[in-house]
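Numbers restart at 1 for each chain; the letters A, B, ... are given by sequence-line order, proteins then strands.
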Amino acid sequence: MSSAPPSLNPAQLEAVHYLGGPCLVLAGAGSGKTRVITHKIARLLQAGYEPAQIAAITFTNKAAAEMRERAKQLVGPKAAKHLAISTFHSLGVRFLRSEGARLGLKEQFSILDSDDVLGILKDAGGSSDNALARSWQWTISLWKNQGLNSDGAEAAACNDNERVAARVMKRYEERLSAYQAVDFDDLIGLPHQLLLRDEECRTKWQNTLRYVLVDEYQDTNAIQYELLKSLVGDRAMFTAVGDDDQSIYGWRGATIENLRRLPEEYPQLKVIPLEQNYRSTGSILRAANCVIANNPKLFEKKLWSDFGDGEPVRVIECDGEEHEAERAVARIQSLRAQGGDVQFKDFAILYRANHQARVFEKALRKAEMPYKVSGGQSFFDRAEIKDLCGWLRLLVNNDDDPAFLRAVTTPKRGIGHQTLGNLGEFAGKWKVSLYEALFAESLGTAISARAIGSLHEFGRYVNDLEYRARNTTGSEDAKALLMGWLKDIDYEKHLYEGEDSEKLAASRWSNVLDFVDWIAKRCGGEIENDGGLTVETEKKSVLEVAQTISVIISLAERGDDQNVITLSTLHASKGLEWPHVVLAGVNEGLLPFKSDDEEMTPQRLEEERRLMYVGITRARQTLAVNTLRRRKKGRDTVQAIPSRFIKEMKLHEVTVKEDPREKLKALREAAAKRAADSAAQADTQR
DNA sequence: ATCCGTATGGTTTTT
DNA sequence: CCATACGGAT
C-alpha cells in the first residue's frame, strides 16, 4: 500500500463530509479513494445511519473483501459486519433471494456462470460450434444489458444472424425459467425491472439502503446506472467514486456516458476531484499527466505528489521480444543488486495482450526468478475440473442446485431439459431443492415414469457415492474410489465425445487425473519421509477433503503474500501498484492496439491512451517503458515503430525546478544504474 | 460432405 | 504456443 498520510487532505475531507446530496468524487490514480470511501462510511455511521443502511458497491469480490477489511479497521468488526458492502452482482443476488418471488423465482434459484450459459445455448440452438454459441452469448448479453427480452430482441434484430440469436434467446429464456436459474446479466437486469415496476418493492429497498457508495464508477454499464438510479430514488443520497481517465472497459459495455450524465441528471451534484497522489514520484506523474492531456477532458484534473522527482522514466529500446525479456530480467537483477530491500514482489511487467507473457516467462524461468502470471485462467476454471467440482459439491451439499444440474447432465444420461424443467417446477412449487424433489412421493404427477426411473437411478448413485466418500480415507483408497467414480460415469468417454479434437480431450483427461491425484493426496495416510523421519499423515475422508476444496481454491487463487514478480495485462493491473514497473512492447499496433479488420476510431485511441495512463500510474518509484525495433508478426518479423504514447510522455522536455541537490543525486543514481544495467545486459548477451 | 493436416496469426475479462 | 481457417484428400 502507498504510504498514507497521517490525516485526510482537504479534498478528501470534503468528499468524506459532504452528505447533503449526490456526490461525485473524481479519484485520480493513487489518490486514496478506498480511504475516502471507508472514512465516508464511518462518517455516515456517525451521522446516525445504521450499518445495514449503507451500501458500498464494487465490481469484484476481491475489491469488496478489501473494502470490508479496511472498513473494519476503522469502524470495528461489529458495525463492519452489517455494512452492505458487495459487488453489483451479489447485491443483485441478495435482492432476488428476497424479492424473486415477485418474478416467480424461487428463493433458492441457481446462478449460471458463463460456461453453463454456453452449454445451454449450444443445446438450445442445436449447435456444437463454440464460436457460434459464444457469438449468441455475446449478442444476448448485449440485448439484456439494453433491457430487451427475446421479444424485444426479435423486433430489434436487423440481420439473419441476429434473428437466429433472438430465436435462440427465446428458448434460452424458457430454459432459465424452467431451471429456476438466472445468468449474470439477470442479477442486474431483474432487480432493475422489478424496482421500476413495483412501487412497494422500490420503496422498501430505498428505505433499506439509504446511502449508496459506488466504487469504480467509470466501469458501470448502462443498466447498472439505471439500477443505481432506481435504488437511490429522488432522495439521491449517493457518492460515486471514479476516474474517467481510468475507464478501460468500454469494450465490455462500460460507458463514461454515465459520468457525463450524472451532472445533467443531478444538477445539484457535488463534484470533488482528488488530485494529490500518494503513490508515484514526480517524474512518473508528469509522464502520466502529459499522456492523458491528449484526451479530451470530461472533468479537469491533474495529479501531483510531494515525493520529489525520483528516477526519470526510462525508455528502453529492444531489438525484439527475446531481447526485451532479457533486458527486463537484467533490469530486475540490477535494481536488486543495488541493495536496499528490493524484493521480487516489488516488480511487475505489464503488457497489452496475454500472449506477450510467454517470452517473459521463459526468460524468468531461465534466470530462475520466481513469477506469477495474473489473469491467466486458473486450473479450477477449466470445464472438466468444474464438472468434477460440481459432483463433489453435490456430495457435500445435496441441496446445491447448480451442482445438481451440472452433475445430472455430465455426462448426459438421458435426462433432458424437459425432465429437468419439470423437476425444477416441482421443486419450486414445494420449495425444496432439486435433489429433495427427486425422492418425493408425488413426483409422479409431474414427470413421466420413464424419466423418474433415470432420476431415481441418478439419485441412488449420488447417495451411494456420498456414503462411500464419507467412509473412504487415505490416498490409496481415495484414488481407487475416485477412479471408480469416473469409470461409473464414463467421464473419459464423455470428454472424447464432447471434444472434436482428440488432443484437447486427452489434455482434459490428463487434467482430470491430476485433479484426482490432488484430492487423493489430501486424503492423507501416506508414509512420508520427512528429513529422515517417517511420518504418517492424518487420514481424511474424501468427503472431508471435498468440503475444503472451495477454501483451498480461494487460497490458491490469492497468494498476494508470495514474493514473486508479477506478470499482468494492463487491464488486470488496474487498482494495483508496484515500486518498479516495466511496460512491455509499447509499440504502434500493440499499444495502441490496432487490429487489421477494425478501424481505429478516436474513441478507441482514447481508451488505449487511458490504458497507457493506467500502466504508467501503477509505478511507485521507477518506470521503464520498452519499445521494440522489430516485432514478430506471425511467421516473420516486421519493423516496429515506438508507440505515439512515448512521445506524448514528453520525457525530454522536462524542466526540473526541484532542489538541485535532489536533482544531482538522481542523476548520479541514474548513471550508476545505467552502468549496472548495461553491465548486466552485456552479461546476459554473452 | 466430412475429416485431417498444415498454415496462419494473435486484445482487453469480471460477475 | 494454441486455436481457428482453409485447402486437399477421401
What is the distance from [atom1] of [X] to [atom2] of [N], rounded to the nearest Å?
X        : N     : atom1 : atom2 : value
A:Arg365 : C:dC1 : CZ    : C1'   : 11 Å
A:Glu321 : B:dG9 : CD    : C1'   : 13 Å
A:Phe593 : B:dG9 : CZ    : C1'   : 11 Å

Looking at [X] and [Y], does any basic side-chain N land under 4.0 Å from a carboxylate oxygen?
X        : Y        : value
A:Arg261 : A:Glu226 : yes
A:Glu361 : A:Arg358 : no
A:Arg644 : A:Glu588 : yes

Query raised in the report: Residues in ring-ring contact (aromatic ring centres under 6.0 Å, His included) with A:Trp251, at least two apart?
Result: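 A:Trp251 satisfies ring-ring contact (aromatic ring centres under 6.0 Å, His included) with A:Tyr249, A:His571 once adjacent residues are dropped.
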**Report entry** Under the ring-ring contact (aromatic ring centres under 6.0 Å, His included) test, residues paired with A:Phe95 that sit two or more places apart
**Finding:**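 Testing A:Phe95 for ring-ring contact (aromatic ring centres under 6.0 Å, His included), a comparison that skips the adjacent residues, returns A:Trp205.
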Enumerate the protein-to-nucleotides 5-7 of chain C contacts in which both atoms are nitrogen or oxygen and the separation is below 3.5 Å.
none

Query raised in the report: Under the side-chain contact (heavy atoms from CB on, under 4.5 Å) test, which residues partner A:Ala325, sequence neighbours left out?
Result: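 Result, side-chain contact (heavy atoms from CB on, under 4.5 Å) vs A:Ala325: A:Val359, A:Phe360, A:Ala363.
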Query raised in the report: Who passes side-chain contact (heavy atoms from CB on, under 4.5 Å) against A:Arg97, sequence neighbours left out?
Result: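 Counting only residues at least two positions away or on another chain, A:Arg97 forms a side-chain contact (heavy atoms from CB on, under 4.5 Å) with A:Val93, A:Gln108, A:Phe109, A:Ile111.
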**Report entry** Residues A:Asp185 and A:Ser141: side-chain donor-acceptor under 3.5 angstrom
**Finding:**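 Present: a donor and an acceptor within the cut-off.
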Report task. Would you classify A:Arg604 as touching base, sugar-phosphate or nothing, given that sugar-phosphate means primed atoms plus P, OP1 and OP2, and contacts are heavy atoms under 4.0 Å? Result ->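 Base contact - A:Arg604 has a heavy atom under 4.0 Å of at least one base atom.
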Tabulated below should be each protein N or O lying under 3.5 Å from an N or O of nucleotides 13-15 of chain B; please produce it.
{"unit_1": "B:dT13", "atom_1": "OP1", "unit_2": "A:Thr569", "atom_2": "OG1", "d": "2.7"}
{"unit_1": "B:dT13", "atom_1": "O4'", "unit_2": "A:Arg252", "atom_2": "NH1", "d": "3.1"}
{"unit_1": "B:dT15", "atom_1": "OP1", "unit_2": "A:Asn61", "atom_2": "N", "d": "3.0"}

